[in-house]
Every structure is written in C-alpha cells, then in structure tokens.
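If you're wondering where the values come from, they're calculated on a predicted model, not measured in any experiment. Note on naming: letters A, B, ... go to the chains in the order of the sequence lines (proteins, then strands), and numbering restarts at 1 for each one.
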Number of protein chains: 2
Amino acid sequence: MSASEESPHSGAGERITDAEHAVMEVLWDRPRQTAAEVCEDVCAARGWSLATVKTLLSRLVQKGALAAEPDGRRFLYTPLIAREAYVGGESRRLVDRLFGGSAASLVAHLAESEALTEDDLAEIEALLKELRA
Amino acid sequence: MSASEESPHSGAGERITDAEHAVMEVLWDRPRQTAAEVCEDVCAARGWSLATVKTLLSRLVQKGALAAEPDGRRFLYTPLIAREAYVGGESRRLVDRLFGGSAASLVAHLAESEALTEDDLAEIEALLKELRA
DNA sequence: GCTTGATGATTACACCTGTAGTCATGGCGA
DNA sequence: TCGCCATGACTACAGGTGTAATCATCAAGC
C-alpha cells in the first residue's frame, strides 16, 4: 500500500473526532456561524451544552480544521477543510483497514450483505454507465 | 433508515478499537491461537510486545469478541463475532455518518474521487449484473 | 462609572486507548 | 525437589476524547 499519508488535507493534519465531526457538519452546511448558532443546531440533538460546543470549536481551530474570523467580540467559524476531503479520507481509511484497500471489495460487501436497496443498485448502475461513457 | 442499531453482532456489544482489530484479524485468519502465536503474527508488524497482545486479548475477551478456550496452562483464543459482522457494522457506521445512510452515495463518492480504478469499476459492474440477474 | 450579560480561554475530570511492566502460579527440566 | 520459564491477571500510565464549569474580558445599558 505504501501509504505515506503525509499529505495535508487542505491544511488539516490532526484527526477529527466523532464529536468534532458533528460540529463540522453544521459548519459545512452553513459556514460563518458563531458558537451559539452552531449550538442551536447540535446541542439539542446531541444533548450538549454551549460550553461543549465551544470546546469542540476551539479544538477544531487548534487542529486547523476551522478558521475563526473575528466579528466584534465573537468569532465566526468556517471550515478550512472541505467536506469532500474529510469524507474521502475517512472512506479511504475504512477501505484500507477492512478491505485491503480495494474499494470494489467494499461495494461487493455492501451488495452481498444486502445493504444496498434496489434503488441503490439502480443508482450505482446509472453512475457507472456515466463514468464509463 | 430508522436505524435502531441495537442488533447484536453475534454477541459482541462493545466497540472494537483499532489495535484490537489487528488482533482480531489474526484470529479471523486462523482461530484457536495462543497469545504467543498471535504475537508472532502482529508484534513485528506493529512494533508491539507480547504484553501488549495479551492486554488486547484480555480486553477482547471481556468485550465478548473472543472466546478463551483453556488449553493446559494457556488459552486458545477464537473470535466470537464473525468478520462479516464486524466489517458490516463498521461499513454501516461510516455510511450512516458520512453519507446519510445511503450506500449508493458512498459508491458515488468513491467513483467521483477516482478511488475506483478501471478494474474496480469492471468488477462492480460484473457484480451488479450478477445481483440483478 | 458600574453592573451585567455574552463570549472565548482556561481548567477540569472521567473514561477510553495504546502500550507495557510486574505479579502469581504452575509445569518442567536439572 | 527446586528453581526457571511460560503464561494469564493485574496494575500502570500517558495521551486522546467527551463533556462541562469557571474565569477573564468587553460591550452595552443604567
């Protein structure tokens, strides 16, 4: 595999954890939000307090995953890494770990374990057609 | 998706960590091995000591992921959860977290990010044909 | 000016994880 | 028989993670 894995995903080196990921999703959906705004989106769903969100935001800024743009007394947070990059990285990690790096094996597994609905199959087929075209 | 996600993976409730997973792989490959034997397979690759492997084995037994069958003074360890179940669970977790539960989205992402080689595509196509047949 | 509320920074803390050392015990060779 | 080695159990400990309280500070209102 020769996975050097030293490439910066658009500036972020450190690993984004699960809780942090929830915060990222909110900001990917709509960038430039304050801590309070982010909290409005996730605190209820995850049972968090505003303090928790602030901690996560800080850690994400530290990790270089978020930019904190000063706006008066507070900050507007914006993702520095693209969702694409993150999703891609995580997917690759899974494929490497569990399927020996073969994405096709993943698909095969999903198919065989019936994780794919008829609609999924159709969608994938269409996608493949497009790709091979 | 209505993911109740309470389904037992053949008896294992707790989450298997990364280091533990490496041990599981060895035992999935060949069950009923002693700690020393497992170590022969992973210690070199991961730079572990035998002690580390023993700890991981213990934790896995605790978690219900391994059975420890007494064999004289030592134990022979054997997976209690099928690799299929583990891989399936992990895959589903990823799909749920990053692709809103849509496996097709995952495939689409892999395809678009060029994580799929021409061979992969061919393989998947063949697979689909088989499934739809 | 002084209080108050909003807000980021700092600190806290328990649990998990990776990694390993030490201990107790029992079989086996000398 | 006696000490040694193999082996699992127990203990350890640093760093990461989830979750949050507290602190310092500043803007705005009284």
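- For B:Glu118, the side-chain hydrogen bond (donor to acceptor under 3.5 Å, both in side chains) partners two or more places apart in sequence, or in a different chain, are A:Arg132.
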| request: Go through B:Glu20 and B:Lys63 one step at a time and tell me if the salt bridge (charged side-chain N to carboxylate O under 4.0 Å, His left out) criterion holds. | output: CA-CA 11 Å; B:Glu20 288 162 1; B:Lys63 291 185 182 180; 2.8 Å; yes
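- In this entry the distance linking CG of B:Leu60 with C1' of D:dG8 reads 15 Å, nearest Å.
- Listed by first and then second residue, the disulfide (SG to SG under 2.5 Å) pairs involving residues 37-81 of chain A are A:Cys39-A:Cys43 (not counting sequence neighbours).
- Taking the salt bridge (charged side-chain N to carboxylate O under 4.0 Å, His left out) definition, one finds that B:Glu25 meets it with B:Arg83, sequence neighbours left out.
- B:Glu123 pairs by the side-chain hydrogen bond (donor to acceptor under 3.5 Å, both in side chains) definition with nothing, not counting sequence neighbours.
- Following rounding to the nearest Å, B:Leu76 (CG) and D:dT7 (P) show an atom-to-atom distance of 11 Å.
- Not counting sequence neighbours, A:Trp48 has no partner by the ring-ring contact (aromatic ring centres under 6.0 Å, His included) test.
- Here the side chains of B:Thr34 and B:Phe75 are not in contact, with every heavy-atom distance at 4.5 Å or above.
- For B:Asp119, the side-chain hydrogen bond (donor to acceptor under 3.5 Å, both in side chains) criterion is met by no residue, not counting sequence neighbours.
- A donor-acceptor contact shorter than 3.5 Å links the side chain of B:Ser113 to the backbone of B:Leu110.
- Counting heavy atoms from C-beta outward, A:Arg46 and A:Thr52 have side chains that stay 4.5 Å or more apart.
- Listed by residue number, A:Ala35 are the residues of residues 21-42 of chain A with a heavy-atom contact under 4.0 Å to DNA chain C.
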| said: Return a single string for nucleotides 18-30 of chain D, one symbol per nucleotide in 5' to 3' order, where B is base contact, S is sugar-phosphate-only contact and - is none, cutoff 4.0 angstrom on heavy atoms. | reply: BBBB---BBS---
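- The stretch residues 71-82 of chain A participates, sequence neighbours left out, in these salt bridge (Lys or Arg N to Asp or Glu O under 4.0 Å) pairs: A:Asp71-A:Arg74.
- For the pair B:Leu50 CG and D:dG8 P, the computed distance is 8 Å after rounding to whole Å.
- For A:Glu90, the side chain to side chain contact (heavy atoms under 4.5 Å, CB included) test picks out A:Arg15, A:Tyr86, A:Arg93, B:Leu94, B:Arg97, B:Leu98, with sequence neighbours left out.
- Axis angle between the ends of the helix from C:dG1-D:dC30 to C:dA30-D:dT1, five pairs each and rounded to 10 degrees, works out to 30°.
- You can see that DNA chain C meets the heavy atoms of chain A within a 4.0 Å-exclusive cut from C:dA6 to C:dA12, reading 5' to 3'.
- The shortest distance between side-chain heavy atoms of B:Ile81 and B:Ile16 falls below 4.5 Å.
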